[in-house]
Amino acid sequence: MKDKINKAKEVILKGGVILYPTDTIWGIGCSPIIESAINKIFKIKKRNNNKLLISLVSSIEMLERYVENVPEYVLKYLFDDLPTTIVYPKVKGLNQILYGKNESIAIRLVKDNFCKALIDEINTPLISTSANISGNPFPKKFKEIDKKIINEVDYVVNFDDSMLKNSKPSRIIKVLLNGQIELIRE
């Protein structure tokens with residue numbers, strides 16, 4: 001696993017895009033601070049850049065570096081068995097292309113060992129979006145990933161599909177300014 005982490009780190013830090021297994025489904029990702037890499041993801045997915053991307057973090061401490069306020073009432077979702085992406089209302093220290101004009105950002109605290117180790121190595125969040133062309137079904141297995149995506153990324157992290165624990169996208173909730181949450185995706 002260490003060789004895969006080192007190679008993925010090298011590609012990410014040079015502004016490349018990787019195809020990798022997350023704690024949910026296969027994803028494509030890059031550095032959240034290299035705009036050309038973020039734009040490459042939008043191009044690979046044929047996705048409108050008005051649609052925001054998810055960032056993965058490895059710890060609460062890393063989350064707090066990029067979110068102005070992590071409300072106490074969302075902590076239960078961070079440690080829930082069901083992978084949960086949380087949309088926070090205020091972001092700091094990341095490229096505006098990730099959060100747009102509304103300044104909110106979607107972040108998931110990962111539990112997957114590979115993802116955590118990679119994020120710790122690059123010492124920033126990791127962009128994560130499903131490894132599919134926008135509008136198409138997300139792939140549950142590597143063999144379902146469109147060959148165009150495989151050919152356009154800079155590195156494919158070679159893992160067995162059995163590493164995926166859920167094979168479905170994460171639940172998404174949004175933290176509202178009134179102290180409530182809104183369920184966006186179950």
Ignoring hydrogens, what is the shortest heavy-atom contact between [X] and [Y]? Give both atom names and the distance.
| X | Y | value |
| --- | --- | --- |
| Pro125 | Ile119 | CA-CG2, 4.5 Å |
| Ser128 | Thr22 | OG-CG2, 3.7 Å |
| Thr124 | Tyr66 | CA-OH, 4.1 Å |
| Cys115 | Pro21 | SG-O, 3.5 Å |
| Gln180 | Tyr73 | O-OH, 3.6 Å |
| Ile44 | Glu152 | CG1-OE1, 3.6 Å |

Item to check | Intermediate values then yes/no, side chain to side chain contact (heavy atoms under 4.5 Å, CB included), Ser31 and Leu13 | outcome: CA-CA 7 Å; Ser31 167; Leu13 294 180; over 6 Å; no
Please check if [X] and [Y] belong to a single hydrophobic cluster, counting links between Ile, Leu, Val, Met, Phe, Trp and Tyr side chain heavy atoms closer than 4.5 Å.
| X | Y | answer |
| --- | --- | --- |
| Ile60 | Val74 | yes |
| Leu176 | Leu78 | no |
| Leu56 | Leu75 | yes |

Checklist entry - Between Arg47 and Thr129, do the side chains contain an N or O donor and an N or O acceptor separated by less than 3.5 Å? => result yes
Item to check | Stepwise side chain to side chain contact (heavy atoms under 4.5 Å, CB included) check, Val175 with Val87 | outcome: CA-CA 6 Å; Val175 173; Val87 179; over 6 Å; no
Just so I know, are the side chains of [X] and [Y] near enough to count as touching, which here means a heavy-atom distance under 4.5 Å?
| X | Y | result |
| --- | --- | --- |
| Asn123 | Arg65 | yes |
| Leu118 | Ile18 | yes |
| Ser130 | Lys45 | yes |
| Leu19 | Ile145 | yes |

Heavy-atom donor-acceptor pair, [X] side chain to [Y] backbone, under 3.5 Å:
| X | Y | value |
| --- | --- | --- |
| Arg185 | Ser170 | yes |
| Lys111 | Asp80 | yes |
| Lys174 | Ile86 | no |
| Ser55 | Leu53 | no |

Checklist entry - Where do Asn132 and Trp26 land on the side chain to side chain contact (heavy atoms under 4.5 Å, CB included) test, with the steps shown first? => result CA-CA 9 Å; Asn132 62 319; Trp26 280 90; over 6 Å; no
Next on the checklist: With a 6.0 Å cut-off (strictly less than), is the heavy-atom count around CD of Glu182, excluding the residue itself, greater than 12?
Outcome noted: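 Atom CD in Glu182 is crowded, with more than 12 foreign heavy atoms closer than 6.0 Å.
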Checklist entry - Do other residues, nucleotides or ligands put more than 12 heavy atoms under 6.0 Å from the NZ atom of Lys14? => result no
Checklist entry - If you look only at pairs with a residue in residues 120-131, which of them pass as a salt bridge (charged side-chain N to carboxylate O under 4.0 Å, His left out), with sequence neighbours excluded? => result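 Residue pairs with at least one partner in residues 120-131: Lys2-Glu121, Lys9-Glu121.
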How far does [atom1] of [X] sit from [atom2] of [Y], to the nearest 0.5 angstrom?
| X | Y | atom1 | atom2 | result |
| --- | --- | --- | --- | --- |
| Cys30 | Ile127 | SG | CD1 | 5.0 Å |
| Asn113 | Ser58 | CG | OG | 11.5 Å |
| Phe114 | Met1 | CZ | CE | 7.5 Å |
| Lys143 | Lys147 | NZ | NZ | 10.5 Å |
| Ile133 | Asp146 | CD1 | CG | 5.0 Å |

Item to check | Full working for side chain to side chain contact (heavy atoms under 4.5 Å, CB included) between Ile173 and Thr84 | outcome: CA-CA 7 Å; Ile173 63 171; Thr84 303; 4.0 Å; yes
Item to check | Residues Arg108, Asp23; criterion salt bridge (charged side-chain N to carboxylate O under 4.0 Å, His left out); working and verdict | outcome: CA-CA 10 Å; Arg108 183 168 76 247; Asp23 54 345; 2.9 Å; yes
Item to check | Sole candidate of Asp112, Ile28, Asn158, Val157 that passes side chain to side chain contact (heavy atoms under 4.5 Å, CB included) when paired with Tyr20 | outcome: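 So the option named by the test is Val157.
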Checklist entry - With Met62, which of Val57, Leu109, Val67 fulfils side chain to side chain contact (heavy atoms under 4.5 Å, CB included)? => result Val57
Item to check | Lys40: salt bridge (charged side-chain N to carboxylate O under 4.0 Å, His left out) partners, not counting sequence neighbours | outcome: Asp154
Checklist entry - Who passes side chain to side chain contact (heavy atoms under 4.5 Å, CB included) against Lys7, sequence neighbours left out? => result Glu10, Val11, Tyr155
